[in-house]
Amino acid sequence: MTRAILTDIEGTTSSISFVKDVLFPYARRALPGFVRAHGNEPPVRKWLDAVAAENGGMCRDEMIVEVLQGWIDQDRKHTALKALQGMIWAAGYDSADFTAHIYPDAAPALREWHDAGMPLYVYSSGSVPAQRLFFGHSDAGDLTALFNGWFDTEVGGKREAGSYRRIAESTDIPAGEIMFLSDVVEELDAAREAGFDTVLVDRLSDYPQPRTGDAANGHRRVESFADISVGS
């Protein structure tokens with residue numbers, strides 16, 4: 001029996017290209033000006049100092065910005081970078097520079113599950129504030145009210161079984177009754193190790209070569225949220 005759904009964002013509810021081609025370049029361009037304008041504010045300084053300490057105690061913000069931009073280019077899943085990106089994206093959403101892409105099949109399914117009383121949670125490498133912004137400014141409107149909780153890498157890495165155990169503990173729902181949706185097989189492997197039910201969302205627009213057979217590593221595979229059966 002599925003009692004809750006935990007979903008990834010990039011490649012699952014939303015296209016990889018939106019993140020790679022819109023959000024990342026926007027943050028990269030805006031970083032220098034954002035740090036100049038807000039670098040002394042405690043919520044920003046906290047993360048800048050964390051990056052500085054991790055890189056030998058560099059003392060110039062310009063150097064920290066260069067490190068962060070390099071991490072964006074590498075698609076590094078670093079908590080400090082994700083937090084700062086989230087702050088920058090907030091300005092972009094508020095000024096309507098863009099809205100967040102949602103696959104046409106995802107929003108109706110999320111609404112249907114929510115209306116049926118199914119608790120919904122998000123687990124993404126993007127920070128929780130960035131997740132809220134994403135779903136709050138989506139192509140399908142504000143979807144934040146559909147979700148019961150949000151998790152990012154502060155709970156642990158997405159390819160670590162312990163992260164999913166902590167999520168299950170936080171929701172107070174047995175791991176075996178939570179369905180995790182993701183496009184990344186290694187994340188699904190970790191969730192399965194923690195006892196979760198798993199579904200590989202294999203969107204052909206993001207993955208032109210279907211991942212069937214051994215490539216799915218035993219995970220149930222769908223190409224659309226419309227193909228996901230929730231229930232006993």
Give the cluster check for [X] versus [Y]: same hydrophobic cluster or not, with ILVMFWY residues linked at side-chain heavy-atom distances below 4.5 Å.
X    : Y    : result
V184 : V19  : no
I102 : W150 : yes
L188 : M179 : no
V44  : L133 : yes
I228 : V185 : no

| So V122 and F151, side chain to side chain contact (heavy atoms under 4.5 Å, CB included) or not? Walk me through it. | CA-CA 6 Å; V122 176; F151 300 94; over 6 Å; no
Any chance you could measure [X], atom [atom1], to [Y], atom [atom2], to the nearest 0.5 Å?
X    : Y    : atom1 : atom2 : result
Q74  : Q69  : CD    : CD    : 12.0 Å
I5   : I178 : CD1   : CD1   : 11.0 Å
L31  : I88  : CG    : CD1   : 4.0 Å
E187 : S163 : CD    : OG    : 10.0 Å
D206 : S17  : CG    : OG    : 6.5 Å
D152 : S125 : CG    : OG    : 9.0 Å

| said: With ring pair (Phe, Tyr, Trp, His ring centres under 6.0 Å) as the test, pick out the partner of F134 among W89, F18, Y93. | reply: F18
Any donor-acceptor N/O pair, [X] side chain to [Y] backbone, under 3.5 Å:
X    : Y    : answer
R3   : E177 : no
S127 : A130 : yes
T2   : A4   : no

Please tell me whether [X] and [Y] form a close aromatic pair, meaning their ring centres lie under 6.0 Å apart.
X    : Y    : value
F147 : Y121 : no
F180 : Y164 : yes
F135 : H137 : no

Is there a side-chain contact between [X] and [Y] (heavy atoms, below 4.5 Å)?
X    : Y    : answer
V35  : I64  : no
I72  : Q85  : yes
R166 : S170 : no
E10  : S15  : no
L204 : E223 : yes
D21  : I16  : no
L200 : V222 : no

[X] and [Y] ion-paired at < 4.0 Å:
X    : Y    : result
R159 : D189 : no
D61  : R45  : yes
R76  : E54  : yes
R28  : D73  : yes
D227 : R221 : no

Mind listing the closest non-hydrogen atom pair of [X] and [Y] along with its distance?
X    : Y    : result
G92  : Y26  : CA-OH, 3.2 Å
A161 : E193 : CB-CD, 3.7 Å
D142 : G136 : OD1-CA, 3.4 Å

| Just checking, is any N or O donor in the side chain of T13 or T7 under 3.5 Å from an acceptor N or O on the other one? | no
| remark: Which of T198, V199, V201 passes side chain to side chain contact (heavy atoms under 4.5 Å, CB included) with H219? Answer is T198
| said: Evaluate Y103 against F225 for side chain to side chain contact (heavy atoms under 4.5 Å, CB included), listing each step before the verdict. | reply: CA-CA 9 Å; Y103 278 110; F225 272 36; over 6 Å; no
| query | Does NZ or CZ of R203 lie under 6.0 Å from the centre of the six-membered ring of Y207, at an angle within 45° of the ring axis? | reply | no
| Using 30° and 60° as the class limits, which term best fits the ring planes of H38 and F34: parallel, tilted or perpendicular? | tilted
| said: Does atom CG (N148) have a neighbourhood of more than 12 heavy atoms from anything else shown, all under 6.0 Å? | reply: yes
| message | Show, in sequence, the C-alpha distance, side-chain angles and deciding distance for W71 and V67, and conclude whether the side chain to side chain contact (heavy atoms under 4.5 Å, CB included) test is met. | response | CA-CA 6 Å; W71 288 355; V67 168; 3.6 Å; yes
| remark: Exactly one of D183, N217, D202 clears side-chain hydrogen bond (donor to acceptor under 3.5 Å, both in side chains) with R211, and that residue is D202
| request: May I have the step-by-step check of side chain to side chain contact (heavy atoms under 4.5 Å, CB included) for D8 and L181, ending in yes or no? | output: CA-CA 6 Å; D8 171 51; L181 314 177; over 6 Å; no
Pair up each side-chain donor or acceptor in residues 106-120 with any protein partner under 3.5 Å, not counting sequence neighbours, and list the distances.
from	atom 1	to	atom 2	distance (Å)
R111	NH2	A140	O	2.9

